[in-house]
Each structure stands twice: as C-alpha cells, then as structure tokens.
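One structure below.
In this text the structure is predicted, and so the values were computed from the model without any measurement. Read the numbers this way: they start at 1 and go in the same order the structure lists the ligands and their atoms.
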Amino acid sequence: VKDFNEKVVVVTGAASGIGRALAGAFAARGARLVLADVHDEALERAATELREGGAEVLAVRTDVARQDEVDALAEAALETYGAVHVVCNNAGVFAGGQSWEMPLEDYRWVLDVNVWGVIHGVRTFVPVLLAQDCDTHIVNTASMAAVISAPLVAAYNMSKHAVLALSESLYHELTMQGARVGVSTLCPEAIATGLAGCESHRPAALARQAPPSAGAELADAALRDALTDGLDPAVIAERVIAAIEDNRFYILSEDGWRESCNVRLDDIRLGRNPTFSVPADAGGTKAAS
Ligand SMILES: NC(=O)c1ccc[n+]([C@@H]2O[C@H](COP(=O)([O-])OP(=O)(O)OC[C@H]3O[C@@H](n4cnc5c(N)ncnc54)[C@H](O)[C@@H]3O)[C@@H](O)[C@H]2O)c1
C-alpha cells in the first residue's frame, strides 16, 4: 500500500501509546480509521481527538483476547466503510517475574492478549483482505523481545516470539499464493507508552491472587525505567508507515538491540549457551519490552 488517503485502517490497542500514534499517523495521511481498544474511555478520548483533527473515525470497544469481539470489529468496519485495507494487530500487555514464580494468571493474560489477540486478528482479517483483491497490508506488533530472551520476562518473550513466528508463516503463505496482502512485524525497542501501567486493563477473571513477587517488581521497575527513557511512539508510527509503503517485513529497533539479536543468532548458529546480551545503554537488568 503506497497511498493511505481514504484507505480503511484498523488499529487495535489504539487508545494509547504506539496504537494511538499509529492512528494519528494514518489520520494525517487521510485514512479512515477503525480504532479498537478494551479501555472504553481512553478509546473515546482518542476517537474524539482524531475527529477534531478532521479524521473519519469508527471506535469499537474490543477485547482482542476474544475471537467473537474481533469478528464483531471486522463486521463493524465493513458495515461502516465497506472495505479494510490495513490492519495493525497492536494491542499488548506486560507482566514479568521469574519464570517459575509467575502466576498462571500472568502467563494466561499475557498470552491471551499478545498471542491470541494476534491469532484472532489474523483469522478474522486476512480472509477479508484476501477477498478484496487489492493491495492491503497487515502489521503485527511484536517487540525486540521476539528475537532476544532477556531474564524476568519469559511470558512476554514467549508471546512476542509467537507473534514473529506467526507473522513469518503468514508472510510465506501469502507470498506462495501471490496474494496482494503485505505483512510486517513491528519489533520496537523501548518506547514511551503506557505499557508499564497495563495492569489496569487486566480482566477480573485473571486478577493476581497474591502480591507481586520480588522478581515481578524488579521486572516492572526495569520496564518503567526503560519506557521513561523510551522513544516517542510517533517515531515508531513513521517507521511502520515507511515499512508498509516499501512492503518490508521486519520493522526492527534501530539501536543496539540489533547487535544483541546478532549475538543470539550466533549463539544458536555456533551451538553456544545463551549469552545475556543487552545494549550497553539499556543497563544490566533492563529487559527488552
Ligand atoms: N512500549 C514499548 O516499549 C514496547 C516495545 C515493544 C513492543 N511493544 C508492544 O507495542 C504494543 C502497544 O503497546 P504500548 O507500548 O503502546 O502500550 P500501551 O499500554 O500504551 O498501549 C496498549 C493498548 O492496548 C490496549 N489493550 C490492552 N489489552 C487489550 C485487549 N485485551 N484488547 C484490546 N486492547 C487492549 C490498552 O488499553 C492500551 O490502550 C504492545 O503489543 C506492546 O507489547 C511496546
């Protein structure tokens, strides 16, 4: 997709952070927006701001962890605009701690949103994109945690590795059938967003049954620190737009995390035990978020 004017763009996790920045960047190019988020008030706020800026916006309260809600999102988009051209499966949450101590609720929540949310997005929207037979694109948000497995972040790392693997398979499948559906995977470094406050989006059914462990607190503090120094999400949104325009799959961090990624790949290639390698400016305990 080269031109976003009047194209219909769906963004999940659109009420905050990277999703909100993506919505702004697409709106600035004349796209018609479909914004999805589990946080109704923030979603309405984002929709109002974007409408005030002149954008056409449909806001649909959606929990991406539920296939029926993602199906309803697609139906609403098609009913309103008659087409979907770009889908950003971006909603995500974070919980950390030692892998053997993390409560099952934390694993479930992170995997429900970060992995199942993207699975639902792919299952629902790819058939819609294929049926349209025009140039379309799907962007799945992973992280540098998709290629590096830092300590204290096992569930998040697993979730992001899964998003990257799903996206790579999807890319091959669509390429093999000559589909006009591009795929990109967003793997950002630390970005200044609301991710460290994501506990407030946790569903009651997966509420923590005990206070956070010392490991969870350390992981949360490291995330908070990393995000405080993080990049402006608007920078990431521009990277995403450029990747869609160029039909480029990997949207990688541009800092030292790439070198850490090389170290990891060398560990695998050479059969070495895993090296704990994070960029010098990320600090010893900081995890890729
Ligand atoms: N911030 C970073 O440093 C960073 C780095 C790499 C990857 N990411 C990824 O970027 C994506 C966006 O996160 P962000 O950093 O902008 O955080 P954020 O918390 O600012 O935004 C995430 C949005 O997702 C929404 N959300 C949470 N659960 C949801 C659900 N079940 N259904 C629908 N919406 C839901 C939240 O309400 C929020 O508006 C996530 O997938 C995250 O893992 C973030």
(request) Sequence neighbours left out, what passes side chain to side chain contact (heavy atoms under 4.5 Å, CB included) with T48? Give chain and number order. (result)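 Residues passing side chain to side chain contact (heavy atoms under 4.5 Å, CB included) with T48: E44, E52.
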(message) Show, in sequence, the C-alpha distance, side-chain angles and deciding distance for E69 and L73, and conclude whether the side chain to side chain contact (heavy atoms under 4.5 Å, CB included) test is met.
(response) CA-CA 6 Å; E69 296 199 11; L73 171 66; over 6 Å; no
Report, in ascending order of atom number, the atoms of ligand 1 lying under 4.0 Å from any heavy atom of [X].
{"X": "T62", "result": "32 (N), 33 (C)"}
{"X": "T141", "result": "9 (C), 10 (O), 11 (C), 41 (O)"}
{"X": "V93", "result": "27 (C), 28 (N)"}
{"X": "H39", "result": "37 (O)"}
{"X": "G17", "result": "16 (O), 20 (O)"}

(message) With side chain to side chain contact (heavy atoms under 4.5 Å, CB included) as the criterion, how do W109 and C198 come out once you've worked through the C-alpha distance, each side chain's angles and the decisive distance to 0.1 Å?
(response) CA-CA 11 Å; W109 180 45; C198 68; 3.7 Å; yes
Closer than 3.5 angstrom, by distance alone: can the side chain of [X] be matched with the main-chain N or O of [Y] as a donor-acceptor pair?
{"X": "S159", "Y": "V115", "answer": "no"}
{"X": "R239", "Y": "I251", "answer": "no"}
{"X": "R61", "Y": "V38", "answer": "yes"}
{"X": "N157", "Y": "A150", "answer": "yes"}

(request) Would you check if V139 and I244 make a side-chain contact, meaning some heavy-atom pair closer than 4.5 Å? (result)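 V139 vs I244: side chains touch.
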Going by heavy-atom distance to [atom], choose the closest among [options].
{"atom": "atom 44 (C) of ligand 1", "options": "I191, I18, L22", "result": "I18"}
{"atom": "atom 38 (C) of ligand 1", "options": "D37, V11, L186", "result": "D37"}
{"atom": "atom 31 (N) of ligand 1", "options": "V118, D63, V38", "result": "D63"}

Yes or no: does [X] have any heavy atom under 4.0 Å from an atom of ligand 1?
{"X": "Y156", "value": "yes"}
{"X": "A142", "value": "yes"}
{"X": "A42", "value": "no"}
{"X": "E69", "value": "no"}
{"X": "T12", "value": "no"}
{"X": "G230", "value": "no"}
{"X": "M144", "value": "no"}

Does ligand 1 have a heavy atom under 4.0 Å from the side chain of [X], from its backbone, from both, or from neither?
{"X": "P188", "answer": "both"}
{"X": "N114", "answer": "neither"}
{"X": "A14", "answer": "neither"}
{"X": "K160", "answer": "side chain"}
{"X": "L227", "answer": "side chain"}

(message) Pairs of nitrogen or oxygen atoms closer than 3.5 Å, one from V64 and one from ligand 1: do any exist?
(response)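 Looking only at distances, the answer is yes, because the N/O contact criterion of under 3.5 Å is met.
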(message) Geometry only, no angles: is T193 polar-contacting ligand 1 at N/O separations under 3.5 Å?
(response)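 Right, the criterion is met.
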(message) As a test of understanding, state which of L22, L50, T12 forms a side-chain contact (heavy atoms from CB on, under 4.5 Å) with L35.
(response)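 When L22, L50, T12 are each tested with L35, the side-chain contact (heavy atoms from CB on, under 4.5 Å) holds only for L50.
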(request) Show your working on salt bridge (charged side-chain N to carboxylate O under 4.0 Å, His left out) between D266 and R269 and close with a plain yes or no. (result) CA-CA 5 Å; D266 278 348; R269 193 172 57 82; 2.9 Å; yes
(message) Take a 6.0 Å sphere around OH of Y107 and say whether it holds more than 12 heavy atoms from other residues, nucleotides or ligands.
(response)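 Atom OH in Y107 is packed in, count exceeds 12.
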(request) State, to 0.1 Å, how close H120 and A65 come at their nearest heavy-atom pair, and which atoms those are. (result)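 Minimum heavy-atom separation between H120 and A65: CE1-O, 3.0 Å.
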(message) As an exercise, state the distance from CZ of F4 to NE2 of H85, rounded to the nearest 0.5 Å.
(response)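 Nearest 0.5 Å value for the CZ-NE2 distance: 11.5 Å.
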